[in-house]
Amino acid sequence: MTALSPSAARVQALLDSIGLGHRVVEHEGSTRTSEDAANAVGCAVAQIAKSLIFRTKETGRPVLVVASGANRVDEKAVGRLIGEKIERADPEFVREFDRLRHRRRSAHRPCRAAAGDDR
């Protein structure tokens with residue numbers, strides 16, 4: 001078995017920490033589209049869950065939508081549900097939000113030594 005990429009390893013560590021018993025699998029070929037993912041694992045497109053990141057137009061907050069691979073996301077309906085219009089997030093917005101999220105999370109993580117944990 002080949003080693004997981006750093007991002008996949010973080011997801012695996014999270015799954016392990018909460019005891020779900022799932023295993024992250026990375027595929028050599030593309031799984032960028034629902035069709036690619038369905039072909040890679042041998043299932044129907046409708047059995048694939050796709051995740052799409054949007055951005056609210058007024059406040060610039062990220063919105064994650066998980067949908068069936070066979071369905072299109074109705075952006076107007078999502079906007080009505082959250083009370084603000086949304087638009088597709090560009091890759092730079094996603095990368096910047098991810099960097100800020102990681103920075104904030106590490107800034108608030110207590111130091112083990114300060115908490116009296118000598119591990």
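Small disclaimer: the values here were computed from a predicted structure and weren't measured.
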To the nearest 0.5 Å, tell me how far Thr59 OG1 sits from Ile82 CD1.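 Rounded to the nearest 0.5 Å, the OG1-CD1 separation comes to 7.5 Å.
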Measuring from Phe54:CZ to Glu87:CD, what's the distance to the nearest 0.5 Å? 10.5 Å
List the atom of [X], the atom of [Y], and the distance in Å for their closest heavy-atom pair.
X	Y	result
Cys43	Ile48	SG-CD1, 3.6 Å
Ser34	Val45	CB-CG1, 3.8 Å
Ser68	Ala46	OG-O, 3.3 Å
Leu4	Ala9	CB-N, 3.9 Å
Thr31	Ala40	CG2-CB, 3.9 Å

Cluster link [X] to [Y], ILVMFWY, side chain under 4.5 Å:
X	Y	answer
Val78	Leu64	no
Val63	Leu52	yes
Val66	Val41	no

Tell me the salt bridge (Lys or Arg N to Asp or Glu O under 4.0 Å) pairs involving residues 43-68, sequence neighbours left out? Arg61-Glu84
A side-chain contact here means heavy atoms from C-beta on lying under 4.5 Å apart; do Val65 and Glu75 qualify? no
Got a donor-acceptor contact below 3.5 angstrom from the Glu26 side chain to the Ala8 backbone? no
Between the side chain of Gln12 and the main-chain N/O of His22, is any donor-acceptor distance below 3.5 Å? yes
In terms of heavy-atom contacts, does CD of Glu28 have more than 12 from other residues, nucleotides or ligands at under 6.0 Å? no
Using the side chain to side chain donor-acceptor pair (under 3.5 Å) rule, take Asn39 and Glu35 through it: C-alpha gap first, then chi angles, then the decisive distance, then the call. CA-CA 6 Å; Asn39 288 333; Glu35 292 81 14; over 6 Å; no
